[in-house]
2 protein chains.
Amino acid sequence: MELCNHENDHERIVQAAKAHAMKEEDLGTMCSIFKVISEPSRMKIILALMEGEMCVYHIVEAVGGNQSAVSHQLRILKDNRVIRAKRDGKNIVYSIADEHILNIITMSRKHLHCEV
Amino acid sequence: MELCNHENDHERIVQAAKAHAMKEEDLGTMCSIFKVISEPSRMKIILALMEGEMCVYHIVEAVGGNQSAVSHQLRILKDNRVIRAKRDGKNIVYSIADEHILNIITMSRKHLHCEV
DNA sequence: TTAATATATGAATACTTATTCATGTATTAA
DNA sequence: TTAATACATGAATAAGTATTCATATATTAA
C-alpha cells in the first residue's frame, strides 16, 4: 500500500487516534464488560434480576435452560461484578451489583425503542 | 429442586421477569450490538474513526494488525451499521454511522473513568 | 489494455466460549 | 450421621468467531 489522496487529513487523524488511544488494559476492561452482557443467556439473567433478587432455582424458572448452564453463567456474571451472591440457608440469592451496567442496558433499550 | 424459603417473593419476581421479558428478537439485536463492540480489535477501529473518517490504509496504521484482519472487522462493523463506507477513487473511506453506539461507548468510558 | 494499487473475501486454522454431563460440596432436616 | 436439597464445578464437547493466507475484484495510471 502507498498513500491515499487524503494523505494529510488522514495522517492527522491517525496521529490523533494514536495520541488518544486508550491504555490496552482499559480497553480490555471496557470490552470485557460488553462481552459479558453480549450473551443472550447472561442478558436474560441480568434482566430478570433487575426485577429483584432471586435464588438459583427461581432464576432458572425465569430464564429457562438447565441449572448447570445457569450456574456457569452466574459465575461469569459474579466474577465480573455484575451480580453479587449471598447465601441464605440452602439457597444462594443473587442480585444486581453494578449500577453502571444497568444504565448501559437501560440506555440501549431506549435506543432500540424496546423500553420496559 | 424444590422450593426456596422465599417462595412468595421470588415467585412474584419470576412472574414479573416473564411478563417484562423482551421479545427474543429484540434481545438478540441488543446483544449483538454489545457483541460487535466487545472485541478489542473492533473497538480500536471505532475509537479511531471517532477521530475522523479514514481509508483502510490509515485505519491499519492507526490500530495496527494486518490489512486482511482489519478488512474483515470493517465488514462486521459495516454489516452491523456501526460504520459506513464510501468509495473515493481507489480508496474506501470509512466513517462512524451510529450515534447510539457512540453514546454507549462514551458513557462506558465515563463509568470506567477513562474518558478522552 | 496492462500493471500497479487498494481493498475485499473464501477457506483453513486457531481460539474462545457456551453448554452438557457427571459429580462434588454445603446446608438442613430427619 | 444419613439423606435430601441447592448449587457449583471440572471435563468434554459443541458452537462460534477472529486471524491468517492466498487470491480475487475494483480503480487508476501508464
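First the proteins, then the strands, lettered A, B, ... as listed; each starts at 1.
Atom CZ of A/R75 is separated from atom P of C/dT17 by 13 Å (rounded to the nearest Å). The NZ atom of B/K44 sits 14 Å away from the C1' atom of D/dT19 (whole-angstrom rounding). Nucleotide D/dG16 holds its C1' atom 20 Å from the CZ atom of B/F34, rounded to whole Å. Distance CG (A/L74) to P (C/dT17): 18 Å, rounded to an integer number of Å. Put simply, CG on A/N66 is 7 Å from P on C/dC21, counting in whole angstrom units. As rounded to whole Å, 16 Å separates atom P of C/dA6 from atom CE of B/M54. We find that NZ of B/K86 is positioned 15 Å from P of C/dA8, with the value rounded to whole Å. A straight line from CD1 of A/I76 to C1' of C/dT17 spans 8 Å, rounded to a whole angstrom.
The nucleotide whose nearest atom lies closest to any side-chain atom of B/K90 is, among D/dA8, D/dT27, D/dC7, D/dT27. The listed nucleotides are C/dA18, D/dT19, D/dT20; the one nearest the side chain of B/S41 is D/dT19. Looking at the side chain of A/A69, the nearest of the listed nucleotides C/dT19, D/dA8, D/dT20 is C/dT19. Nearest to the side chain of B/E39, among D/dT19, D/dA8, C/dT7, sits D/dT19. When each of D/dA18, D/dT17, C/dA8 is scored by its nearest atom to the side-chain atoms of B/Q73, the top-ranked nucleotide is D/dA18. Across D/dT17, C/dT7, D/dC7, the shortest atom-to-atom separation from the side chain of A/S71 is found for D/dC7. In this structure, the nucleotide among D/dC7, D/dG10, C/dT7 sitting nearest to the side chain of A/S68 is D/dG10. For A/H72, taking side-chain heavy atoms from C-beta onward, the closest of the listed nucleotides D/dC7, D/dA11, C/dG10 is D/dA11.
In this structure, B/N91 reaches the C/dT7 phosphate: one of its side-chain N or O atoms is under 4.0 Å from OP1 or OP2. For C/dT17, the OP1/OP2 oxygens have no side-chain nitrogen or oxygen of A/R42 closer than 4.0 Å. B/Y57 has no side-chain polar atom (N or O) that falls below the 4.0 Å cut-off from OP1 or OP2 of C/dA8. Contact annotation: B/R87 reaches the phosphate of D/dT27 (side-chain N/O to OP1 or OP2, under 4.0 Å).
In terms of position on DNA chain C, the residue among A/K35 and A/G89 whose nearest nucleotide sits closer to the 5' end is A/K35.
Ion pair B/R84/B/E53 not flagged as a salt bridge, since none of the NZ, NE, NH1 or NH2 atoms sits closer than 4.0 Å to an Asp/Glu carboxylate oxygen. Between B/E51 and A/K18 there is no salt bridge, since no side-chain nitrogen of the basic residue lies less than 4.0 Å from a carboxylate oxygen of the acidic one.
At the heavy-atom level, B/K78 lies nowhere under 4.0 Å from the strands shown.
Interatomic distance, B/Y57 OH to B/K90 NZ, rounded to the nearest 0.5 Å: 13.0 Å. Going from atom CG of A/D26 over to atom OG of B/S108 covers 12.5 Å, rounded to the nearest 0.5 Å.
Between the base of D/dA8 and the side chain of A/Q67 there is a donor-acceptor pair shorter than 3.5 Å.
For the residue pair B/T29 and B/E25, no side-chain donor N or O sits within less than 3.5 Å of a side-chain acceptor on the partner.
Side chain of B/R42 to backbone of B/K35: a donor-acceptor contact under 3.5 angstrom is found.
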